[in-house]
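All remarks here apply to the structure that follows.
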Amino acid sequence: MEVIGNPGVMQQTVKEYLQRGNSIGFVPTMGALHEGHLSLVRRCREENDISVVSIFVNPMQFGPSGDFSRYPRNVEEDMAELSKAGVDILFMPGIEDIYPEGFATYVNVDHLSDKLCGHFRPGHFRGVATVVTKLLNIARPARAYFGRKDFQQFLIIKQLVRDLNLDTETVICPTVREADGLAMSSRNQYLSPEERNAATVIYRTLCEAKKMVISEKITFGEIRSFMERTLAAEPLVDEVQYASAFDPGTLEDISSLNVTIDKYEKEAVLLAIAVRIGSTRLIDNEPVEITGIKGGN
Ligand code: PAF
């Protein structure tokens, strides 16, 4: 595995691969890799000639809470995993490589960035959109891979790729879960054993809500109340930031529509949750496809 830190060197290397007719697949990460990241890497390797992974803990997407300095960093282990996984190039720039003195250009995706996590993390998606635009320009991948757990992030990246005419296909991959259903996340390492146990309420709530919305056909408003109540009943959940049914295209909260799933005119619904357990913010989501439900009992 070739390790490159300098964006200019990376661009030159990529150019040579492209000139030789190779397709490039790209997995952007902030390191502290887990099985979720590795599943993206495997898919990337299957579908492209050359696989590129980036590790860059992007200060621009963190708030002032200090989360940036405490974000887990395991560079040695990450490199060993990526090399074992057969990655061709690891791009690992420093902060000054990405944001040199005088940096003044930002990418902001309107509307989608203000919804869900956007309310609770002002500026977060501007930081994500800016760095991802830069990384895509540097790595010039045919395909870039993202996990479904960060569904809002995926939608925002898809939108910026379209709006800025970037020549990359954005690929969404399934959320990888622990045996008890907790979505894998680098932030899970912050949880104490008790908090880790309590965090299983998130996926449990999503699964129960999904069943209720499909089989009992209760309204999205009732689903929202059920989700909020179930999460709040877990003593270690300190804050329920959102727990509801959303339009998976616009991310509008549809709980106020007062309809059941069979009367909803779109093709899918997104059930999504963000909670704070102690000082750790956790998110998860589950899609509900509507095809086959309409017209049933
Ligand atoms: O999902 C992440 O790890 C980050 O938000 C990303 C896409 C690498 C941008 O910093």
Side-chain angles (χ1 to χ4, degrees), residues 5 7 10 25-41 43-44 51-63 65 67-75 77-78 81-82 87 89-99 103 105-109 112-113 115-118 120-139 141 143-161 164 166 168-176 183-190 272 274 280-285:
M10 185 68 203
F26 180 48
V27 181
T29 82
M30 297 205 297
L33 303 179
H34 50 67
E35 191 43 41
H37 296 111
L38 297 176
S39 72
L40 304 181
V41 169
R43 172 111 183 243
C44 174
S51 52
V52 176
V53 174
S54 65
I55 296 183
F56 178 66
V57 186
N58 174 32
M60 202 192 282
Q61 69 188 75
F62 288 85
S65 66
D67 200 23
F68 171 68
S69 49
R70 83 167 187 141
Y71 195 81
R73 290 161 172 88
N74 311 320
V75 174
E77 290 96 328
D78 289 350
E81 287 291 353
L82 293 175
V87 166
I89 304 175
L90 169 60
F91 179 49
M92 208 162 46
I95 294 179
E96 62 295 342
D97 293 315
I98 295 295
Y99 303 119
F103 182 86
T105 304
Y106 301 89
V107 178
N108 192 57
V109 178
L112 287 174
S113 297
K115 307 282 182 345
L116 303 174
C117 296
F120 302 93
R121 306 187 71 189
H124 168 68
F125 288 116
R126 182 173 94 138
V128 170
T130 302
V131 82
V132 170
T133 303
K134 284 179 68 86
L135 293 170
L136 294 178
N137 276 325
I138 294 167
R143 294 170 204 87
Y145 297 82
F146 301 90
R148 185 177 178 108
K149 182 180 76 72
D150 298 302
F151 185 74
Q152 184 174 14
Q153 167 172 282
F154 175 75
L155 278 191
I156 288 170
I157 293 168
K158 206 170 143 183
Q159 178 86 40
L160 80 83
V161 162
L164 300 178
L166 302 185
T168 296
E169 180 193 341
T170 46
V171 182
I172 190 163
C173 302
T175 301
V176 178
M184 288 198 185
S185 161
S186 306
R187 288 189 169 83
N188 292 351
Q189 323 183 7
Y190 299 150
T280 308
R281 189 172 181 278
L282 297 172
I283 58 172
D284 200 355
N285 67 79

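This one's a predicted model, so the numbers in the text were calculated from it and none came from an experiment. Values below: all heavy atoms of this structure, side chains included; hydrogens, waters and symmetry mates excluded. Atoms within a ligand are numbered from 1 in the order they appear, just like the ligands themselves. One is the number of the first residue; the rest follow in order along the sequence.
Close N/O approach between Asn58 and ligand 1 is not found [any backbone or side-chain N/O within under 3.5 Å].
One distance of note links CG of Leu155 with OG of Ser113; it measures 10.5 Å at 0.5 Å rounding.
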Test side chain to side chain contact (heavy atoms under 4.5 Å, CB included) on Val52 and Met10; report intermediate values, then the result. CA-CA 10 Å; Val52 176; Met10 185 68 203; 3.5 Å; yes

Apply the test side chain to side chain contact (heavy atoms under 4.5 Å, CB included) to residues Tyr99 and Val131: give CA-CA distance (whole Å), side-chain angles for both, the deciding distance (0.1 Å), then the verdict. CA-CA 9 Å; Tyr99 303 119; Val131 82; 3.6 Å; yes

Steps toward side chain to side chain donor-acceptor pair (under 3.5 Å) verdict (Tyr71, Asn58): CA-CA 10 Å; Tyr71 195 81; Asn58 174 32; over 6 Å; no

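Near Thr29, the atoms of ligand 1 lying under 4.0 angstrom from a non-hydrogen atom of the residue are 8 (C). Interface of Val131 with ligand 1, defined as ligand atoms under 4.0 Å from a residue heavy atom, comprises 9 (C), 10 (O). For ligand 1, the atoms lying closer than 4.0 Å to a non-hydrogen atom of Gln61 are 4 (C), 5 (O), 9 (C), 10 (O).
Counting only non-hydrogen atoms, the option in Lys149, His124, Gln153 that gets closest to atom 6 (C) of ligand 1 is Gln153.
No side-chain heavy atom of Val41 sits less than 4.5 Å from a side-chain heavy atom of Glu81.
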